[in-house]
Amino acid sequence: MEAQTTTRFPNHPAMIFPVLLLFLRASAAAIASDTLSNGGNITDGETLVSASGSFTLGFFSPTGVPAKRYLGIWFTASPDAVCWVANRDTPLSNTTSGVLVLGSTGILRLLDGSGQTAWSSNTTSPAPAVAQAQLLDSGNLVVRGQSIGGGGVLWQSFDHPSNTLLAGMRLGKNPQTGAEWSLTSWRAPNDPTPGECRRVMDTKGLPDCVSWQGNVKKYRTGPWNGLWFSGVPEMASYSELFSNQVIVRPDEIAYIFNATADAPFSRLVLSEVGVLQRLAWDPASRVWNTFAQAPRDVCDDYAMCGAFGMCNVNTASTLFCSCIVGFSPVNPTQWSMRESGGGCRRNVPLECGNGTTTDGFMAVRGVKLPDTDNTTVDMSSTLDECRARCFANCSCVAYAAADIQGGGAGSGCVMWMNYIVDVRYVDKGQDLYVRLAKSEFAKEKRMDVARIVLPVLASALALTSAGLYLVWICRLRGQRRNKNIQKKEILGYLNASNELGDENLELPFVSFGDIITATNNFSEANMLGQGGFGKVYKGMLDENKEVAIKRLGQGSGQGVEEFRNEVVLIAKLQHRNLVRLLDAASKKVLDWPTRFKIIKGISRGLIYLHQDSRLTIIHRDLKPSNILLDADMSPKISDFGMARIFGGNQHEANTNRVVGTYGYMSPEYAMDGAFSVKSDTYSFGVILLEIISGLKISLTHITDFPNLLAYAWSLWKEGKAMNLVDSSLVGSCSPNEALRCIHIGLLCVQDNPNSRPLMSSVVFMLENETTALSAPKQPVYFSQRYSEAQETGENTSSSMNNMSVTVLEGR
Ligand SMILES: *[C@@H]1O[C@H](CO)[C@@H](O)[C@H](O)[C@H]1NC(C)=O
Ligand SMILES: *[C@@H]1O[C@H](CO)[C@@H](O)[C@H](O)[C@H]1NC(C)=O
Ligand SMILES: *[C@@H]1O[C@H](CO)[C@@H](O)[C@H](O)[C@H]1NC(C)=O
Ligand SMILES: *[C@@H]1O[C@H](CO)[C@@H](O)[C@H](O)[C@H]1NC(C)=O
Ligand SMILES: *[C@@H]1O[C@H](CO)[C@@H](O)[C@H](O)[C@H]1NC(C)=O
Ligand SMILES: *[C@@H]1O[C@H](CO)[C@@H](O)[C@H](O)[C@H]1NC(C)=O
Ligand SMILES: *[C@@H]1O[C@H](CO)[C@@H](O)[C@H](O)[C@H]1NC(C)=O
């Protein structure tokens with residue numbers, strides 16, 4: 001064997017990336033052409049290079065498997081990035097005498113040393129005349145016949161995807177011929193043999209991209225709604241870089257993405273474990289950045305909560321599942337054991353069928369629409385017509401708009417028969433109308449004040465400079481009880497749906513009328529933000545008591561649970577660092593003493609959550625938008641159980657979403673849903689580095705680094721950590737304090753939760769300058785864990801077993 005080249009950059013922090021590491025034989029005599037003409041051939045060592053040089057076609061061997069030769073197309077700047085492989089199933093063994101030949105009929109043939117065909121393109125209509133194969137700058141290898149009219153395409157590699165979707169490629173189906181464009185994972189990072197994971201376009205209902213592992217459905221994006229896939233609204237937020245399109249025609253139902261001129265080169269890769277990642281190439285630092293990935297969290301697991309179940313990651317409870325309003329768990333014991341797959345059943349049977357006074361529809365807002373397989377889709381009706389149509393058929397249990405382009409309620413509809421499955425809350429989710437017996441609606445009205453008010457109009461969180469008041473629109477009956485609430489009781493409290501346990505809470509009473517007055521009848525001007533559960537308003541109760549009022553969306557059954565949790569948590573936490581107040585200080589330049597004070601304030605707030613309160617509370621969604629500053633610039637940690645409702649500038653929250661939320665989640669939580677107090681430590685570390693640097697974790701277009709952690713680590717390692725400090729701090733900054741903060745920040749974002757300090761240690765380290773700190777290791781990013789796990793043969797989930805998953809714990 002001759003010289004081998006590798007394009008690994010082991011010393012670069014950002015390079016520990018899960019892409020495949022392949023040893024490619026250096027081409028001795030590269031053909032400097034993008035075209036293979038009729039009768040021509042390419043031998044092992046020769047290549048085709050697309051006109052601008054972006055893509056290369058040639059022979060390669062995966063890392064550690066030098067005896068196997070494959071014909072493939074890779075991204076020239078990063079030969080690890082193999083986008084297409086011809087002979088996935090039939091590697092050439094022990095030979096470098098393979099040759100790719102273009103026959104006169106336009107068929108490409110890969111011959112092994114002995115002249116046997118290892119692979120061939122399957123041209124449906126062999127061309128009689130002269131043909132040529134060309135590697136285009138899109139990465140597409142196209143065979144054209146000159147006697148064929150039009151484009152004359154006989155065959156193209158884009159029609160036979162491997163595990164990678166490039167701009168311009170289709171993921172979809174031709175319903176007329178049954179031809180399919182789908183991704184199939186590699187079997188292992190160094191084995192292109194088709195693995196068990198597939199990504200396909202499901203066309204049985206509305207177009208929906210689905211990941212399969214073997215014959216188990218693992219994840220779906222949700223149906224295409226004209227603008228985005230219902231479960232992935234954030235895909236619309238990077239439209240400056242990529243345009244997403246779903247083509248629906250008789251001969252084609254397909255997803256295609258197109259990159260804008262300024263977009264970084266990007267590819268969608270289905271990994272060996274079924275994770276789809278959008279990777280973007282940064283030519284300056286020569287690294288692939290993970291732009292987005294799916295599945296994102298536990299609620300992306302297909303049918304996580306069973307029929308009529310609802311999944312919510314932004315919950316203070318450790319149960320991610322609940323039932324849609326009007327339904328209860330089929331098997332409550334299993335639910336309490338976190339086995340929610342059995343789903344939910346109707347509390348009251350449908351009356352159905354007779355007249356218009358029977359069942360009704362309850363809107364469940366802000367969701368990824370259920371699986372649309374086996375549904376009835378009607379693109380020509382209005383939503384009202386669909387409602388009537390659904391109403392008229394006893395089997396129809398829910399309907400929703402199929403196309404939300406053009407605003408309003410949307411047009412067209414999809415109707416579900418018998419049951420719905422795989423529903424979750426998402427930001428910018430859609431409205432789903434679920435059929436319930438009339439008596440369910442009547443029941444809502446019969447309930448006492450609290451029950452009416454809760455789902456419709458929630459309550460107020462009042463705040464004064466002295467502390468926190470919680471206001472609940474209901475009459476509080478009970479006496480104060482023993483303060484030492486037992487763990488069991490708390491867990492029961494948070495999990496049981498019907499035990500409100502309001503008796504435990506000591507809350508002031510505010511009438512609904514006062515709330516109306518305070519918020520100027522829920523005026524737009526008073527609205528602070530909006531989330532999956534409803535809107536938040538600013539209000540002024542008597543005597544200049546500034547309050548934030550959360551108004552839950554109607555029919556949002558889950559919202560009631562979440563609200564309950566939040567009320568319970570906040571009521572039990574009385575601390576000056578906790579809870580919210582809006583302040584327009586965000587634009588103010590913060591000097592170093594203020595930033596240091598904020599850092600210390602957040603850490604003390606977290607200590608309080610973690611250990612000084614009566615409960616151990618893990619916030620789980622700590623991010624800058626959840627930290628509010630009061631007039632004194634004291635930080636308040638907010639949003640227990642209803643993340644993002646206080647997301648501040650909603651637009652900003654959305655554009656940051658890709659790296660935003662995930663940027664703050666610890667690797668183990670983001671990937672495996674496992675969390676402990678150390679997950680909050682991780683988020684804190686990220687926030688700390690942001691406060692010092694004035695940079696966002698995503699670092700978009702700022703440096704050559706994929707994210708702030710890589711950047712910080714790189715500077716730290718080179719002894720230039722002070723360069724990380726926000727330039728506006730020059731003058732006010734104490735280098736010792738700043739360096740110490742960066743050091744602590746790096747300790748907090750260690751990949752291994754056990755290597756991260758407890759928040760109590762963090763506070764101690766921040767306040768005692770002489771304490772020696774341990775040396776941080778290189779922080780890594782969660783996207784890497786999969787590849788590491790595979791390289792070491794370690795099972796990702798088993799690595800979680802020795803991690804403590806901490807649940808609320810009584811103290
Ligand atoms: C490949 O092309 C060369 C000439 O360019 C020719 O000598 C050789 O026989 C060809 N090999 C095959 C397998 O067609
Ligand atoms: C390839 O060569 C190696 C060593 O030369 C040998 O062990 C192996 O069996 C060969 N494989 C095939 C498929 O011929
Ligand atoms: C070639 O295509 C035809 C029809 O499209 C199919 O029946 C046949 O199995 C294919 N052959 C190979 C080798 O893929
Ligand atoms: C895709 O983008 C290119 C420019 O980058 C543009 O010329 C082309 O028209 C776009 N195609 C579609 C289908 O949007
Ligand atoms: C509806 O109910 C009325 C009496 O309430 C009955 O006369 C009628 O037959 C019913 N219609 C159907 C379709 O069940
Ligand atoms: C649709 O129907 C098929 C065949 O009965 C069934 O296997 C599949 O699970 C159904 N899909 C959903 C989402 O209910
Ligand atoms: C209700 O819809 C289902 C599924 O589309 C259909 O099979 C059934 O015939 C319909 N029933 C009525 C009464 O229209």
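One-based numbering, in listed order, for ligands and for the atoms of each. Model, not experiment: these values are computed from the prediction.
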Quiz item: Are Tyr70 and Phe60 an aromatic pair by the rule of ring centers under 6.0 Å?
Solution: yes

Quiz prompt | Pair Gln156, Asn140: side-chain N/O donor-acceptor within cut-off below 3.5 Å | solution =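 Judged by distance alone, the side chains do pair up.
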
Practice problem: Report yes or no: does Asp378 contribute a side-chain atom to a donor-acceptor pair with the main-chain N or O of Gly412 at less than 3.5 Å? | Solution: no

Self-check item: Leu111 backbone acceptor or donor facing Trp119 side chain under 3.5 Å
Solution: no

Exercise. Check ligand 1 against Asn41 and write out every atom of the ligand that is under 4.0 Å from a heavy-atom position of the residue.
Key: 1 (C), 2 (O), 3 (C), 8 (C), 10 (C), 11 (N), 12 (C), 14 (O)

Quiz prompt | Which of the ligand 1 atoms, numbered from 1, are nearer than 4.0 Å to a heavy atom of Val99 | solution =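 In order of numbering, the contacting atoms are 13 (C).
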
Exercise. Classify the ring geometry between His160 and Trp155 as parallel (under 30°), tilted (30 to 60°) or perpendicular (over 60°).
Key: parallel

Exercise. On the 0 to 90° scale, with breaks at 30° and 60°, tag the Tyr399-Tyr433 ring pair as parallel, tilted or perpendicular.
Key: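 Judged by the thresholds at 30° and 60°, the geometry between Tyr399 and Tyr433 is parallel.
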
Quiz item: Protein residues near ligand 6, heavy-atom distance below 4.0 Å?
Solution: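 Heavy-atom contacts below 4.0 Å: Tyr302, Asp371, Asp373, Asn374, Tyr419.
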
Quiz item: Looking only at distance, does Asn393 have an N or O less than 3.5 Å from an N or O of ligand 7?
Solution: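 Among all N and O atoms of Asn393, at least one is under 3.5 Å from an N or O of ligand 7.
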
Self-check item: Heavy-atom side-chain contact between Leu141 and Leu48 under 4.5 Å
Solution: yes

Exercise. Walk me through it: do Asp301 and Lys218 pass the test salt bridge (charged side-chain N to carboxylate O under 4.0 Å, His left out)?
Key: CA-CA 6 Å; Asp301 284 358; Lys218 297 297 279 188; over 6 Å; no

Exercise. Could you list the atoms of ligand 7 found under 4.0 angstrom from a heavy atom of Thr376?
Key: 5 (O)

